[in-house]
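Each chain gets a letter, A, B and so on, in the order the sequences are listed, and its residues count up from 1.
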Amino acid sequence: MTRVIINRSSLIPVLAIVRKDIGVWLRQPTSIAATVLPAIAFMIILYFGAQAVGRNPVALVVQDNGPLAQKLVNILTHSDAFRIAMISATPEKAEEALKQLKVAAVISIPNTFDAAYNAQKSDPVTIHINNLNLDFTNDLRRSLPAAITEFYADKADSNGNTSPIQILVKETDLRKQDIDLLRFELVPILVLLLTTAGIVNAGLATAREWEDSTIKELLLAPISKTSLIVGKLLSGWFTTLLIAAVVLVVGAASGYLRPEDPIYWISTLVIVLLIALASAGLGVAIGASARRFQRVTAIGIPLSIDLFFLSGGITVAAFLPTWLQTIAHFVPTFYGTQALQTAIFYHSTQDLALDLSVLAGTSLVSGTLGVLSLRRSMLA
Amino acid sequence: MHISKMSPVTNPIRVIWAMALKDIQSSLTERAFMLTSIIIPINFLLLFLLFALTGGLAPTAIVLKENGPYAQQLVSAMEHSHSFIIRQTTASDAQNLMQKGQIVAIVTVPANFDSALNLGEQIELPVVVNNLDVDFTNDIRRAMPLAITSFYANAFPNLVVVKVHEFDTYPQDTGYVQYLVVSLMVVSVMLGGLLQAGSNAAREYEKGTIKELMLAPASPWAIQVGKILGALILNSLPVVVVIIVIVFLIGVLPVHWDELLGYVLLLMMTFVAAGALIGTLVRRRQAVIPLSIGLSVPVFFISGAFGPAIWGDPITAAVAQLQPVYYGIAVFQHAFHNFVTTSTGPRVDGIILVGFAAVMVALSAIALGSSRGRGVAH
């Protein structure tokens, strides 16, 4: 009976601290901005990145009106590797466009194209590339051979000959569906949002007590230090979950982030809960050590962005060099991102036990760090 | 003559110098933030470089069940397709690497590969793809047929006669990292300038010292120019560190040192003035950091960080041309690599940047002046 009364009496100050911190957070547009701005910035990047992927403008010089040349022109025009910005019969016009940076390359089909092809003689198509950097240049280098591949891919050409290429690619995909770049990258951005929200909000809520000198009142209040610490951790956690709830509801409603089965909904929610808890614990630790708003944002935001990049960020971890992949395996958000992508997109529980263990361990460690840091600062 | 008649306090040169000194001294007392404002731009530089390391090449395992000349030629064609990072492994090692997420595709060359081609028979080439996202997966889907066509063009020149003849504008290729690092320098200068000057300006409101400044017999222009000068001097430290990292650690040497130094100063002035403007408007240091990062990152991406912006989406390119990062990247690419990345050219870009610097300084001074008009309570 006595224990119940003690538990109830310690719950009230915990709830009061949570309510106060969430109330203050909602009245602080700068805190909300600090939470969502980095994620919004990366969303904008992704949007523009997805629009620009591999679509360089190219000028096409066509000097042969034969059917084979026209077939190649048709393939080039419909290529998704670049977009044809101009078609001309005069090379000078196209070269001028290249000089003025209106196009990234000029592809020329010579007037002997059909004749050389029919005579089975060497039949070069030239490409003049503005080779500013290897990324763009390699895209263009790949795109013309890809068009020639398509040119040869038809079983029968205009002369009724079968394709000389006898090697057929037999593709087997590991996953049931392809996920487009924008959707795929929404998950790391959700994780970025959760880590920023947890670290910055819990950090600011903790540092605020020192910045506004209200820590004295809290320490003199007839409540236990445990209630104070638990209240701070919970308020950071709940604030982060509030943001996560908004993103998940919008994601599910729009179909961009919608796990299919209830089991994947459950694993998604558990992963989100653990990431938010780990971030809030880290935020409390930073807030209690830094004790200043400015220091919390100066440490918290770059730290969240570092975690975002090191866990794969705006790319796919498998494409990173091996040494960088090794580093990524020591970053907890890597497991969070991987687990969410697996649950939401691939409807699988592959590696879920490992991912959850790492996230639970991280939550425990960061929560302990938060408790120790806050306790030490209160004693000081 | 006119200056000598003015009281010592209202002498603008003295006001500017006094403000600059005060801001430098105040900033030096906040060492933690000073350190952060140096670390954040360098941190960004290194993080984005990590992103560039992917380079769009797919780590792929090749399992050769046939070691004949055609099989070897196919491997060579794949290696030269600008699409793969090839590892030759056994089937079990390839599965193991795929499971660990270290490769994204396995290509198996079957045992009868050479003999089938010699006989002119059709043969299947099994490719297992970890289709994580469609962008990277499509790169592999495009790359395999083109490697096969290139293989045919070399192995059976009489069968595949249509070939690519390439010639390039510049005598040598520039690596993605070497290109990107120059663009990253602009965002580092921007971020450093916004953070330093923004915090210096907001500090006056947070600590209430803005009232004293506004009541002082000094023009807001002189005060703001002094603050800009102070932030410029403070910001030079992270900028020097960034230049050292780019030139001496990454090894990207500028072709035109004079242009580099001139444009660095010009960009620093532009972004420091922009930072002073932001700090004067938001009046909270807590808001300056997320705002600076939130502004720098997307602006950097739309401004042609990875290649000329005008090759991208036309609306984005038009928006990009309304702000200084677009021109900053262009003049830096010229200073480092002698590249022209805008239709206006580096000379006009430099003049436009001078205009941006003047407008930013003027706007920040006007914003400070309007504080006096509106009152300075925060």
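Counting heavy atoms from C-beta on, the side chains of Q122(B) and I167(A) never come closer than 4.5 Å. At least one side-chain heavy atom of Q166(A) sits under 4.5 Å from a side-chain heavy atom of Y152(B). Taking 4.5 Å as the limit, every side-chain heavy atom of T174(B) sits out of range of all side-chain heavy atoms of L134(A). T169(B) is listed as a side-chain neighbour of H128(A), based on a closest heavy-atom distance under 4.5 Å. Looking at Y176(B) and F136(A), their side chains never come closer than 4.5 Å, going by heavy atoms from C-beta outward. D351(A) has its side chain out of reach of Q99(B): every pair of non-hydrogen atoms, C-beta onward, lies at least 4.5 Å apart. Using a 4.5 Å cut-off on side-chain heavy atoms (C-beta onward), E171(A) and V129(B) make contact. Residues R142(A) and S81(B) have side chains not in contact (no heavy-atom distance under 4.5 Å, counting atoms from C-beta outward).
A salt bridge is defined here as a Lys NZ or Arg NE, NH1 or NH2 lying under 4.0 Å from an Asp or Glu carboxylate O, and R141(B) with D178(A) meets this definition.
Rounded to the nearest 0.5 Å, atoms CZ (F167(B)) and CD1 (I127(A)) are 9.5 Å apart. In this structure, the separation between CZ on F339(B) and CG on N131(A) is 7.0 Å, given to the nearest 0.5 Å. Expressed to the nearest 0.5 Å, how far CG of L132(B) lies from CD of Q338(A) amounts to 9.5 Å. Here CG of L168(A) is found 11.5 Å from CE of M144(B). Values are rounded to the nearest 0.5 Å. Note that CD1 of I301(A) and CD1 of I40(B) are 8.0 Å apart. Values are rounded to the nearest 0.5 Å. With rounding to the nearest 0.5 Å, the separation of OG1 in T137(A) from OH in Y170(B) is 10.5 Å.
Residue contact with chain A, scored on non-hydrogen atoms closer than 4.5 Å, is absent for Q178(B). For chain A, the nearby part of F113(B) is the side chain; its heavy atoms alone come within less than 4.5 Å. Looking at K99(A), neither its backbone nor its side chain comes within 4.5 Å of chain B, counting heavy atoms on both sides. Proximity to chain A (any heavy atom under 4.5 Å) is shown, for I39(B), by neither the backbone nor the side chain. Contacts between S199(B) and chain A at a heavy-atom distance below 4.5 Å involve the side chain alone, from C-beta outward. When heavy atoms are compared at a cutoff of 4.5 Å, S343(B) approaches chain A by way of both its backbone and its side chain.
Checked options T149(B), V162(B), V164(B); the residue passing with P145(A) is V164(B) (criterion: side chain to side chain contact (heavy atoms under 4.5 Å, CB included)).
The minimum heavy-atom distance linking R175(A) with N130(B) is given by the pair NE-OD1, 2.8 Å.
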